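All figures in this text were calculated on a predicted structure; none of them were measured in a lab. We count ligands from 1, going down the list as the structure has it; atoms in each ligand are counted the same way. We're numbering straight along the sequence, starting at 1.
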Amino acid sequence: NEKPSALIMIFGATGDLANRKLFPSLYRLFEKGNLSENFAVIGVARRELSNEQFQENVKKSVQSAASNGNSNIDEFASHFYYHSHDVTDSVSYGYLREMAVRLDEQYQTNGNRIFYLAMAPEFFGTIATHLNEDGLTDVKGFKRLVIEKPFGHDLQSAKELNNQIRTAFSEDEIYRIDHYLGKEMVRNIEVIRFANAIFEPLWNNRYISNIQVTSSETLGVEERGRYYENSGALRDMVQNHMLQMVALLAMEPPIKLNTEEIRSEKVKVLRAMRTVKDDKVDKYFVRGQYGEGINNGEKVPGYRNEHMVDPQSNTETFVAGKLLIDNFRWAGVPFYIRTGKRMKSKSTKIVVQFKDIPMNLYYKTEQTLNPNLLVIHIQPEEGITLHLNAQKTGNHMNATPVKLSYANTGIDGINTPEAYEKLLYDCMRGDATNFTHWDEVALSWSFVDNISQHWQKTQAHFPNYESGSAGPKESDVLLAKDGLFWWPID
Ligand code: NAD
């Protein structure tokens with residue numbers, strides 16, 4: 001059990017992400033003994049706070065997140081310090097450096113530093129430049145940069161951002177968060193595929209009919225209207241999370257389970273993904289925007305009536321698409337992806353549909369055989385279900401669908417580690433496997449840019465799905481054209 005020591009600087013320490021995710025997950029690492037005593041945190045934000053006030057905030061955030069006792073919380077909070085600083089103000093980086101040097105010494109952090117940017121992306125470039133120019137990245141140990149999504153708005157802006165942060169950090173020092181990669185069952189895709197003799201031999205175009213990846217939310221845009229108007233579901237969900245899941249499902253077995261090998265296999269998948277050219281976008285992709293409807297028994301407004309949203313908005317809150325991966329393994333197997341807000345249920349799921357057996361011997365019972373499905377439940381439930389056909393007692397000569405299920409949460413519900421906890425721990429240990437490499441970011445933006453550029457040119461007929469539904473009809477048509485349908489997500 002490695003216990004990394006480091007000084008962690010959190011930029012945006014009074015924000016939502018820091019309070020809801022970062023402090024509680026650091027506490028969980030501390031409580032489990034996964035964090036050595038040799039750590040200190042400097043919180044940076046604009047607001048004036050004393051160290052004591054900041055420590056009180058940290059305690060409150062941990063207490064509101066934790067389900068069980070937190071006896072050593074005072075000790076934990078004593079490692080936190082605060083520096084009030086406008087990140088665009090050059091002068092105060094000098095003070096921040098002195099503070100860091102002092103704490104390095106006091107906590108014997110081996111000169112290791114982690115810079116966590118929990119702020120709006122427009123500041124990333126400025127911060128990185130200053131960290132470099134003002135000597136904060138001159139360290140004796142390691143230096144790492146953790147950066148949140150969105151990583152750019154399109155390929156061009158992602159490149160600019162990348163160039164800015166590369167002035168201070170090398171590629172292997174940059175940890176780009178994709179919080180889906182912290183989820184237990186997303187990490188499990190690899191294990192299911194590569195630790196079982198029964199799946200990998202079938203994991204190709206001879207035996208798999210299609211793969212469906214769905215991530216649906218019941219929530220609408222909430223308070224994020226301003227951000228979402230410039231983003232939409234394609235940029236917010238597809239470019240990163242959905243394509244990451246596809247890459248993990250489709251990649252070749254890596255020669256080793258290390259960062260470099262896994263990433264290089266994922267990159268190959270993204271390179272093999274067929275580009276959807278302008279004139280093909282409408283054939284392969286469907287966009288949607290929610291109208292009003294009933295959500296959890298309550299009447300909810302349409303997207304265009306949400307706070308900070310243009311009443312004529314062309315922004316999509318739903319995307320369905322068909323991806324083709326042009327390589328030996330996957331030629332001819334569609335990967336369908338679908339994501340949306342204000343849908344019927346909250347669920348992230350992968351369904352692998354196997355091809356039908358060559359001949360149905362059970363047709364006399366007037367039933368069609370269900371295909372075998374492997375369902376990977378990502379959230380909110382975590383687990384695996386294998387759909388088989390078997391004969392139930394007394395049902396002579398009759399094949400009935402049965403399910404074999406493994407529920408991850410059922411076993412250890414309370415201790416299910418949060419995604420951020422694992423990602424932070426990975427970063428401290430220097431394991432970048434579950435973070436995205438620049439090559440992955442660049443390839444997925446160039447795939448997505450083709451689609452968003454086409455959509456920008458044409459006004460959509462929005463709204464085209466009711467809140468609380470399964471999305472627009474066109475999404476079902478997309479699969480029906482291939483003789484398929486979406487497997488129900490709930
Ligand atoms: P937020 O608005 O709640 O917090 C922003 C923080 O930045 C505050 O602490 C604020 O004081 C600080 N700040 C703003 N301008 C500053 C300046 N000029 N100088 C110094 N400090 C300044 O934002 P958030 O929700 O915590 O999100 C932060 C980042 O994380 C964003 O990039 C967001 O897209 C991303 N993100 C957030 C979540 C989440 O759960 N909140 C999830 C995924 C990604």
Side-chain angles (χ1 to χ4, degrees), residues 8-26 41-49 53-54 57-58 60-61 64-65 80-93 95-96 99 114-131 134 136 145-153 157-158 161-162 164-165 174-183 186 215 217 219 221-233 235-237 239-242 244 308 339 341 348 379 418-424 427 434-436 441:
I8 306 168
M9 275 189 208
I10 300 179
F11 290 85
T14 56
D16 175 68
L17 180 72
N19 280 285
R20 264 188 332 115
K21 304 277 173 67
L22 304 184
F23 303 152
S25 29
L26 279 171
V41 176
I42 303 181
V44 177
R46 249 180 331 199
R47 197 180 308 165
E48 294 286 342
L49 287 180
Q53 285 170 316
F54 181 52
N57 290 353
V58 170
K60 270 190 220 133
S61 104
S64 57
F80 284 70
Y81 298 82
Y82 186 78
H83 176 51
S84 162
H85 159 112
D86 188 319
V87 296
T88 56
D89 167 17
S90 324
V91 184
S92 65
Y93 284 91
Y95 183 78
L96 192 56
M99 190 172 177
I114 293 176
F115 303 90
Y116 198 120
L117 307 191
M119 288 185 53
E122 67 249 37
F123 296 113
F124 294 170
T126 317
I127 298 175
T129 311
H130 278 296
L131 292 181
D134 297 318
L136 279 124
L145 178 74
V146 186
I147 192 162
E148 280 287 339
K149 83 168 194 184
F151 198 88
H153 181 71
S157 57
L161 170 57
N162 203 48
Q164 284 176 317
I165 60 176
I174 301 171
Y175 289 68
R176 296 180 194 80
I177 294 230
D178 185 314
H179 54 266
Y180 272 56
L181 297 181
K183 291 193 191 299
V186 172
S215 186
E217 285 179 67
L219 288 180
V221 70
E222 307 294 296
E223 296 307 312
R224 292 171 73 224
R226 187 205 299 265
Y227 159 76
Y228 203 79
E229 274 289 272
N230 292 312
S231 163
R235 293 189 173 98
D236 192 45
M237 290 294 297
Q239 180 270 333
N240 37 43
H241 314 313
M242 304 301 280
Q244 282 292 324
M308 303 295 285
T339 180
K341 290 192 180 293
T348 302
Q379 67 171 2
E418 265 205 62
Y420 272 92
E421 180 186 343
K422 282 185 260 123
L423 291 171
L424 277 167
C427 172
N434 291 304
F435 295 81
T436 39
V441 175

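Nearest to atom 5 (C) of ligand 1 by heavy atom, out of Ala118, Ser231, Ala13, Pro150, is Ala118. When His83, Met119, Glu148 are checked for heavy-atom proximity to atom 31 (C) of ligand 1, Met119 turns out nearest.
Among the atoms of Gly15, some N or O lies under 3.5 angstrom from an N or O of ligand 1. For the pair Val44 and ligand 1, the shortest N or O to N or O distance does not fall below 3.5 Å. Note: no N/O pair closer than 3.5 Å links Ala45 and ligand 1 by distance alone. Between Lys149 and ligand 1, an N or O atom pair is found at a separation short of 3.5 Å. Taking any N or O of Asp86, backbone or side chain, at least one lies under 3.5 Å from an N or O belonging to ligand 1. Considering both main-chain and side-chain atoms, Arg20 comes within under 3.5 Å of ligand 1 through a nitrogen or oxygen pair. Residue Asp16 places at least one N or O, backbone or side chain, under 3.5 Å from an N or O of ligand 1. Residue Gly12 has at least one nitrogen or oxygen atom sitting less than 3.5 Å from a nitrogen or oxygen atom of ligand 1, judged on distance alone.
With hydrogens and angles disregarded, a donor-acceptor distance shorter than 3.5 Å links the side chain of Asp89 to the backbone of Val91. With Tyr93 contributing its side chain and Val87 its backbone, the two residues share a donor-acceptor pair below 3.5 Å. Counting only distance, with no hydrogens or angles, the side chain of Tyr228 and the backbone of Ala233 share a donor-acceptor pair below 3.5 Å. Proximity of a side-chain donor or acceptor of Thr339 to a complementary backbone N or O of Ser215 within less than 3.5 Å is detected. Formation of a donor-acceptor pair under 3.5 Å by the Ser231 side chain with backbone atoms of Tyr227 is not found in this model.
With ligand atoms numbered from 1 in the order given, ligand 1 contributes 15 (N), 18 (N) to contacts under 4.0 Å with heavy atoms of Phe123. Less than 4.0 angstrom separates some heavy atom of His85 from each of these atoms of ligand 1: 19 (N), 20 (C). Of all the atoms in ligand 1, the ones that sit under 4.0 Å from a non-hydrogen atom of Pro121 are 32 (O). Those atoms of ligand 1 with a heavy atom of Lys21 less than 4.0 angstrom away are 40 (O).
For atom 11 (O) of ligand 1, the closest heavy atom belonging to the protein is Thr14 OG1, 3.1 Å. Considering only non-hydrogen protein atoms, atom 38 (C) of ligand 1 sits nearest to Leu17 CD1, 3.5 Å. Of all protein heavy atoms, the one closest to atom 21 (N) of ligand 1 is Arg46 N, 3.5 Å. In terms of protein heavy-atom proximity, atom 19 (N) of ligand 1 is nearest to Val87 N, 2.9 Å.
Considering every non-hydrogen atom in both Thr126 and Thr88, the closest pair reads CG2-CA, 4.3 Å. The two residues Ile177 and Tyr116 make their nearest non-hydrogen contact at CD1-OH, 3.3 Å.
The salt bridge (Lys or Arg N to Asp or Glu O under 4.0 Å) check on Lys149 picks up Asp236, with sequence neighbours excluded. For His83, the ring-ring contact (aromatic ring centres under 6.0 Å, His included) test picks out His85, Tyr95, with sequence neighbours left out.
Of the protein's heavy atoms, none falls inside 4.0 Å of atom 2 (O) of ligand 1.
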For Tyr180 and Asn240, run side-chain contact (heavy atoms from CB on, under 4.5 Å): C-alpha distance rounded to whole Å, both residues' side-chain angles, the deciding distance at 0.1 Å, then the answer.
-> CA-CA 9 Å; Tyr180 272 56; Asn240 37 43; over 6 Å; no
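Taking 4.5 Å as the limit, every side-chain heavy atom of Phe115 sits out of range of all side-chain heavy atoms of Ile165. Side-chain contact between Leu96 and Met9: present, with at least one pair of heavy atoms (C-beta onward) separated by less than 4.5 Å.
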